[in-house]
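I have placed the structure first, in the form of structure tokens, so that the comments after it can refer back to it.
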Amino acid sequence: DSGVTQTPKHLITATGQRVTLRCSPRSGDLSVYWYQQSLDQGLQFLIQYYNGEERAKGNILERFSAQQFPDLHSELNLSSLELGDSALYFCASTGGPADTQYFGPGTRLTVL
Amino acid sequence: EDKVVQSPLSLVVHEGDTVTLNCSYEVTNFRSLLWYKQEKKAPTFLFMLTSSGIEKKSGRLSSILDKKELFSILNITATQTGDSAVYLCAASGANSKLTFGKGITLSVRP
């Protein structure tokens with residue numbers, strides 16, 4: 001158990017819908033990272049937040065957005081969902097200058 | 001664009017064999033190289049390497065980084081069926097952003 005929690009574990013929804021994925025980092029960690037993992041693309045970095053502020057952006061679609069709240073939990077919002085958005089979404093956290101990222105168990109999103 | 005390439009893509013060995021997994025990287029503002037093991041769930045951390053030539057070891061696993069040639073290897077000796085997994089290599093660049101390779105699928109047969 002990495003100490004990073006994610007909810008829900010599974011999500012099944014229809015095209016065009018909007019969903020919110022939630023992540024709570026390890027106690028004391030200020031940085032939260034979101035990743036998408038699909039079979040053909042591997043793990044893709046989406047976005048990073050540090051202490052409530054966006055720090056880095058990766059291959060994140062405009063239909064996707066994220067935020068980190070004062071209690072440091074983060075949410076990833078996915079809208080106008082398409083079939084290709086079906087994937088595992090991981091959240092990871094890290095404490096400070098160290099680069100080791102600890103991953104949550106992931107949310108499996110299925111878009112039908 | 002940052003890039004991490006792992007090879008081979010997959011590997012099948014028998015218990016007791018030794019395997020070497022390769023990872024090459026091109027990352028702007030490189031900070032560190034990380035190895036993760038992924039079974040049917042989240043990646044779990046194995047090693048973080050920041051200095052060239054210094055081997056990190058954990059049981060039967062070891063890893064080393066060559067910052068001049070921009071690659072790393074992960075060795076597993078005396079493989080066991082429990083080592084079967086996808087091994088991910090990631091390079092950390094600016095803002096600790098990780099760029100992952102596609103992973104190496106290792107299957108260890110009894």
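Chain A is the first sequence line, chain B the second, and so forth, proteins listed ahead of strands; every chain is numbered from 1. Just so it is clear, the values below take in all heavy atoms, side chains as well, and ignore hydrogens, waters and symmetry mates.
B/T44 contributes atom OG1, which lies 12.0 Å from atom CG of A/D1 (distance to the nearest 0.5 angstrom). To the nearest 0.5 Å, atom NZ of residue B/K41 and atom CZ of residue A/F90 are 11.0 Å apart. Note that the CG atom of A/L43 and the CD atom of B/Q38 stand 6.0 Å from one another [nearest 0.5 Å].
Closest approach of A/Q101 and B/L34 over heavy atoms only: N-CD2, 4.5 Å. Residues A/F103 and B/A42 share a closest heavy-atom pair of CB-CB, 3.9 Å. Annotation for A/F45 and B/L98: closest pair CB-O, 3.7 Å, computed over non-hydrogen atoms.
The environment of B/K3 atom NZ is sparse: at most 12 non-hydrogen atoms of other residues, nucleotides or ligands sit within 6.0 angstrom.
Every residue two or more places apart in sequence or in another chain that forms a ring-ring contact (aromatic ring centres under 6.0 Å, His included) with B/F100 is listed here: A/Y35, B/Y36.
Linking ILVMFWY side-chain heavy atoms closer than 4.5 Å, directly or via other members, places B/F71 and B/L46 in two distinct hydrophobic clusters. Transitive grouping of hydrophobic side chains (ILVMFWY, heavy atoms separated by less than 4.5 Å) brings A/L21 and A/Y49 into a common cluster. The hydrophobic clustering, which links ILVMFWY residues whose side-chain heavy atoms are closer than 4.5 Å, places B/I104 and B/I64 apart. B/V4 is connected to B/L33 through a chain of hydrophobic side-chain contacts under 4.5 Å among Ile, Leu, Val, Met, Phe, Trp and Tyr, so both are in one cluster.
Of the atoms belonging to A/Q37, it is side-chain heavy atoms, and not backbone ones, that fall under 4.5 Å from chain B.
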